[in-house]
Student: 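This is the structure I have questions about; it appears just below.
When a residue number appears, it is its place in the shown sequence, counting from 1. Both ligands and their constituent atoms are indexed starting at 1 by order of listing.
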Amino acid sequence: MTDTVRKPMTLHRLREMHAAGEKIAMLTCYDATFAHVLDDAGVDCLLIGDSLGMVLQGHASTVPVQLSEMAYHVACVARGARHGWIIGDLPYGSYQQSNAQAIASATALMQAGAHMVKLEGAGWTAETIRFLVERGIPVCAHLGLTPQYVHALGGYRIQGRDDAAAATLVRHAREVRDAGASMLVLELIPSAVGAQVTQAIDIPTIGIGAGPDTSGQVLVLHDMLGVTRGRLPRFVRNFMTEGGTIGDALARYVAAVKDGSFPAAAHAY
Ligand code: KIV
């Protein structure tokens, strides 16, 4: 992909891709160099995830991550990216207190270079999403397994397993959509529920362990490059195993998301 062919990604373009049934390829990204490499590989959306607390900082969860640290990494990515849609994750404790806290935190990420912010959770988040969207901040919601609440959830467990839990997930998805969210990350849920939620709402769903029928996919960069230590969740595929450069692995990821071959049955629940 060359600079002359690819224009900067916009929300309008993402909506067009969704309407046309083109899968959206998202990856996490935390610095300028990788932003450049991800752009070259054709990744549509660069998520500065609070997963950086685990993969960069060595914490056991995303809970300790600070807003100032997120703003720093958003700024690094924004300096390196030329095409990708930049999504900054609001970390734990930066939006739960009040709408005033949420807009101050979202403003910090937008001023650092984000095009959209992401926040985790159902129910009460609808009011926060509405507040931010009405004030001109595009929002990505995040349902299913929400890692910031890992202690309340009792660990990194599959969500939405039974009919009642699946129905609740669909209701929550409708609520965040009605509040104005323009994208929804779905994490660690059965494939059938990923499909059900995707059919129930008219905004793109981006799955991570949510099966093949979401509107797009996201993985943690270090996981898909095979450099994460320890046991990885079943939904991860290491794209480096076929050889070549990091750029080749990223291009394989984009191609596999676009043609629907990732995730395969082996990566689904
Ligand atoms: O923090 C993150 O990287 C995320 C993705 C796993 C979706 O939220």
Side-chain angles (χ1 to χ4, degrees), residues 23-31 34-35 38 43-67 69-74 76-77 84-96 105-106 109 114 116-122 125 129 139-150 153 155-159 169 173 176 181-189 194 197-198 203-211 214-225 227-228 230 232-237 253 257 262-263 267 269:
K23 298 268 187 186
I24 296 167
M26 183 189 293
L27 280 175
T28 67
C29 184
Y30 315 106
D31 66 47
F34 266 105
L38 264 63
V43 176
D44 300 309
C45 302
L46 314 182
L47 169 65
I48 301 86
D50 62 358
S51 51
L52 67 82
M54 298 170 85
V55 295
L56 300 189
Q57 299 174 332
H59 292 299
S61 78
T62 60
V63 176
V65 177
Q66 301 295 307
L67 179 66
E69 295 165 345
M70 291 306 303
Y72 170 81
H73 285 281
V74 169
C76 292
V77 170
W85 178 252
I86 300 172
I87 307 171
D89 225 352
L90 287 168
Y92 180 71
S94 73
Y95 58 96
Q96 284 88 349
S105 301
L109 298 191
M116 168 182 259
V117 299
K118 179 168 85 58
L119 53 81
E120 296 183 11
T125 60
I129 292 169
V139 176
C140 175
H142 185 155
L143 298 174
L145 178 84
T146 44
Q148 290 179 8
Y149 312 119
V150 61
L153 293 172
Y156 296 97
R157 309 156 79 96
I158 302 174
Q159 304 295 306
L169 203 55
V176 295
S182 35
M183 201 181 269
L184 170 61
V185 165
L186 292 172
E187 182 163 353
L188 206 59
I189 57 174
V197 173
T198 301
I203 57 171
T205 57
I206 309 295
I208 172 162
T214 51
S215 323
Q217 297 292 328
V218 60
L219 281 178
V220 170
L221 180 65
H222 294 54
D223 292 352
M224 59 80 68
L225 292 180
V227 293
T228 304
L232 289 174
R234 169 173 162 171
F235 61 73
V236 173
R237 174 174 151 195
Y253 169 76
V257 170
F262 177 77
H267 309 113
Y269 300 92

Student: Record the part of D89 in heavy-atom contact with ligand 1 below 4.0 Å; permitted values are side chain, backbone, both and neither.
Tutor: side chain
Student: Heavy-atom count check: over 12 atoms from other residues, nucleotides or ligands less than 6.0 Å from Y156 OH?
Tutor: yes
Student: When you look for heavy atoms under 4.0 Å from ligand 1, do you find them on the side chain of I206, its backbone, both, or neither?
Tutor: neither
Student: Looking at ligand 1, does any of its N/O atoms fall within less than 3.5 Å of an N/O of T28?
Tutor: no
Student: Quick one: look at D50 and ligand 1, take heavy-atom pairs under 4.0 Å, and tell me if it's side chain, backbone, both or neither.
Tutor: both
Student: Would you confirm whether T62, through its side chain, and S51, through its main-chain N or O, come within 3.5 Å as a donor-acceptor pair?
Tutor: no
Student: Any idea which heavy atoms bring C29 and F34 closest together, and the distance?
Tutor: SG-C, 3.8 Å
Student: Nearest protein heavy-atom contact for atom 8 (O) of ligand 1: which residue, which atom, what distance?
Tutor: K118 NZ, 2.9 Å
Student: Are P147 and E187 packed together at the side-chain level, in the sense that at least one heavy-atom pair is separated by less than 4.5 angstrom?
Tutor: yes
Student: Would you say CZ of F262 has more than 12 non-hydrogen atoms from neighbouring residues, nucleotides or ligands within 6.0 angstrom?
Tutor: yes
Student: Counting each atom of ligand 1 from 1 as listed, which ones have a heavy atom of G49 under 4.0 Å away?
Tutor: 1 (O), 2 (C), 3 (O)
Student: Looking at ligand 1, is there an atom of it that comes within less than 4.0 Å of some heavy atom belonging to M26?
Tutor: no
Student: Parallel, tilted or perpendicular for H222 and Y30, by the 30°/60° rule?
Tutor: tilted
Student: K118 vs L47, test: side-chain contact (heavy atoms from CB on, under 4.5 Å). Steps then yes/no.
Tutor: CA-CA 9 Å; K118 179 168 85 58; L47 169 65; 3.8 Å; yes
Student: Return yes or no for this condition: an N or O of E187 is under 3.5 Å from an N or O of ligand 1.
Tutor: no
Student: Could you find the nearest protein heavy atom to atom 3 (O) of ligand 1 and give me its residue, atom name and distance?
Tutor: S51 OG, 2.5 Å
Student: Minimum heavy-atom separation for Q217 and I206, please, with both atom names.
Tutor: C-CG2, 3.5 Å
Student: Please list the nearest protein heavy atom to atom 5 (C) of ligand 1 with its residue and the distance rounded to 0.1 Å.
Tutor: L47 CD2, 3.7 Å
Student: What protein heavy atom is closest to atom 6 (C) of ligand 1, reported as residue, atom name and distance in Å?
Tutor: I208 CD1, 3.6 Å
